[in-house]
Amino acid sequence: MKIPFAVHFESIKMIAKHSVPILLAINDHDFQFEGTGVYLRKGTRHFLVTANHVVQTIEPNRILLLTDIDSASSIQARSSIATSDENADIALFELLQPLTHFSPIDYKDICDLTDDACAIYMMGFPATRISRKNRKHIEFEQRFILTKKVESGDQHFEHFDERTNFVCDFKKKKVLNGNGQIVTFPDPYGMSGGGVFEPSYSKNNVLSGYTLVGIMTVWNQRQKRYIRCTKVSVLR
């Protein structure tokens, strides 16, 4: 089933609300963009998941999340867990309080990628599209990649395990943007930790639901193509 591009763009407006920019406190007065996370909920518990390499060298009190349009505060985590496995590359924080400017995806909507997925969306914040007006003001530009799964992931990545990973195609050139123009996609630095989603559509091309199926971890810089993802079975 071929889904019109206009339908894809409308669908991602709903999915985009789960993506969270992750910041690093440089000092008491300044911060910088570090990567992307996904906001989750299981019952009354709330979580932030990201790629472990985004946060592993940062002291927890220096990880910042947006609390308002122009302000951020240290992550308030009850606990955290991360994997040192280079294939998985995933970190999870249980938050003390819900995030106010983002919507969580529910645990029941965290499912493995199906074999007949009609589309895959990868979402995050490319670092080259983050702009600074001053030391305390950052503007974020979220981007999404419409893609599909590719086979033989071990041919594209040194660290790959089919039990843990899957690989999606990523073509920088000739990408259709939201204005209907053909553009070159920015390098996906900063999108690490972002969500990989599988949408479902009715016969009338209406979005009937979507699931979180993976977390982006690394892209093939040499070929400037392919992005490795961690399966949500690891997250679950």
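Keep in mind that the numbers below use all heavy atoms, side chains included, and drop hydrogens, waters and symmetry copies.
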Checklist line | Check ion pair K149-D115 (N to O, under 4.0 angstrom) | finding: no
Check: Looking only at heavy atoms, what is the nearest atom pair of K108 and C111, with distance?
Finding: O-SG, 3.7 Å
Check: Other hydrophobic cluster members with Y226, side-chain heavy atoms of Ile/Leu/Val/Met/Phe/Trp/Tyr under 4.5 Å, chained?
Finding: V150, F157, F160, V167, V218
Next item on the list: Could you pull out the closest heavy-atom pair between P4 and N205, with the gap in Å?
Entry: CD-ND2, 3.4 Å
Margin query: Working to the nearest 0.5 angstrom, can you tell me the gap between K42 NZ and I110 CD1?
Written below: 9.0 Å
Check: Between Q142 and S19, what is the shortest heavy-atom contact and its length?
Finding: OE1-OG, 2.8 Å
Check: Would a hydrophobic clustering, with Ile, Leu, Val, Met, Phe, Trp and Tyr connected at side-chain separations under 4.5 Å, put I12 with M14?
Finding: yes
Note to self: Using the salt bridge (Lys or Arg N to Asp or Glu O under 4.0 Å) criterion, which residues pair with D106? Sequence neighbours excluded.
What the structure shows: R41
Note to self: Tell me if a side-chain donor or acceptor on E198 pairs with a main-chain N or O of T114 at a distance below 3.5 Å.
What the structure shows: yes
Note to self: Are the side chains of R143 and E141 in contact, using a 4.5 Å heavy-atom criterion?
What the structure shows: yes
Next item on the list: Determine whether more than 12 heavy atoms belonging to other residues, nucleotides or ligands lie under 6.0 Å from atom CD of E162.
Entry: no
Notebook entry, point to check: Between Q223 and Q221, is there a donor-acceptor pair closer than 3.5 Å when you use the side chain of the first and the backbone of the second?
Noted result: no
Check: Looking at side-chain heavy atoms only, is the closest gap between V196 and Y121 below 4.5 Å?
Finding: no
Check: When clusters are formed by joining ILVMFWY residues with side-chain heavy atoms under 4.5 Å apart, either directly or through shared neighbours, do V183 and I145 land in the same one?
Finding: yes
Notebook entry, point to check: Do E10 and L207 touch side chain to side chain, with heavy atoms closer than 4.5 Å?
Noted result: no
Note to self: Quick one, Y210 with S11, criterion side chain to side chain contact (heavy atoms under 4.5 Å, CB included). Give me CA distance, side-chain angles, the key distance, then yes/no.
What the structure shows: CA-CA 9 Å; Y210 58 87; S11 299; over 6 Å; no
Checklist line | Trace of the side chain to side chain contact (heavy atoms under 4.5 Å, CB included) decision for L23 with F33 | finding: CA-CA 5 Å; L23 308 173; F33 173 72; 4.3 Å; yes
Check: Is R62 positioned over the aromatic face of F31, cation under 6.0 angstrom from the ring centre and no more than 45 degrees off axis?
Finding: no
Margin query: Within the structure provided, determine whether Y201 and V206 are in side-chain contact (heavy-atom separation under 4.5 Å).
Written below: no
Margin query: Could you check whether any side-chain N or O of T211 sits under 3.5 Å from a backbone N or O of V213, counting only pairs where one atom can act as donor and the other as acceptor?
Written below: no
Note to self: Do V232 and D112 have side chains that approach each other closer than 4.5 Å (heavy atoms only, starting at C-beta)?
What the structure shows: yes
Item checked: Minimal non-hydrogen separation, P21 against L66, with atom names -> CG-CD1, 3.8 Å
Margin query: I'd like to know if the side chain of T50 reaches the main chain of T36, judged simply by a donor and an acceptor atom lying under 3.5 Å from each other, with no hydrogens or angles considered.
Written below: yes
Checklist line | Main-chain N/O of F185 paired to K172 side chain as donor or acceptor, under 3.5 Å | finding: yes
Item checked: Greater than 12 external heavy atoms within 6.0 Å of R163's CZ -> no
Check: If you take all heavy atoms of M216 and G124, which pair is closest and at what distance?
Finding: CE-N, 4.4 Å
Next item on the list: Check whether any side-chain heavy atom of H46 sits under 4.5 Å from a side-chain heavy atom of F102, and report yes or no.
Entry: no
Checklist line | F93 vs I63 side-chain heavy atoms within contact, under 4.5 Å | finding: yes
Next item on the list: Determine the minimum heavy-atom distance between A25 and L64, stating which atoms define it.
Entry: CB-CD1, 3.8 Å
Check: Is there a donor-acceptor pair closer than 3.5 Å between any side-chain N or O of S208 and the backbone N or O of S200?
Finding: yes
Check: Taking C-beta and beyond as the side chain, do P188 and M122 meet within less than 4.5 Å on heavy atoms?
Finding: no
Next item on the list: Drop me the distance from W219's CH2 to R228's CZ, to the nearest 0.5 angstrom.
Entry: 14.5 Å
Check: What's the spacing between S80 OG and F47 CZ if we round to 0.5 Å?
Finding: 12.0 Å
Checklist line | For L92, the option from N52, V234, L40 that meets side-chain contact (heavy atoms from CB on, under 4.5 Å) | finding: L40
Check: Do L99 and L96 sit in the same hydrophobic cluster, where Ile, Leu, Val, Met, Phe, Trp and Tyr count as joined when their side-chain heavy atoms come under 4.5 Å apart?
Finding: no
Next item on the list: Without swapping roles, check the side chain of D89 against the backbone of H53 for a donor-acceptor pair under 3.5 Å.
Entry: yes
Notebook entry, point to check: Is it true that a side-chain atom of T147 and a backbone atom of D169 form a donor plus acceptor pair closer than 3.5 Å?
Noted result: yes
Check: Under 3.5 Å, is there a donor-acceptor pair between the side chain of T230 and the main chain of A88?
Finding: yes
Next item on the list: With side chain to side chain contact (heavy atoms under 4.5 Å, CB included) as the test, would you mind laying out the steps for I90 and V49 before giving the verdict?
Entry: CA-CA 7 Å; I90 198 169; V49 62; 3.7 Å; yes
Next item on the list: Please round to the nearest 0.5 Å and tell me the distance separating atom CG of D187 and atom CZ of F170.
Entry: 6.5 Å
Check: Does the side chain to side chain contact (heavy atoms under 4.5 Å, CB included) test come out yes or no for L95 and Y39, once each step is laid out?
Finding: CA-CA 10 Å; L95 305 175; Y39 186 29; 4.0 Å; yes
Check: For the atom pair OG1 (T57) and CD (E34), what is the distance rounded to the nearest 0.5 Å?
Finding: 6.5 Å
Next item on the list: Nearest 0.5 Å please: distance from the CG atom of L146 over to the SG atom of C168.
Entry: 10.5 Å
Note to self: Taking atom CD as the centre, does E158 end up with more than 12 heavy-atom neighbours from other residues, nucleotides or ligands that are less than 6.0 angstrom away?
What the structure shows: no
Next item on the list: Ignoring hydrogens and angles, tell me if any N or O in the side chain of N87 forms a donor-acceptor pair with the backbone of T164 under 3.5 Å.
Entry: no
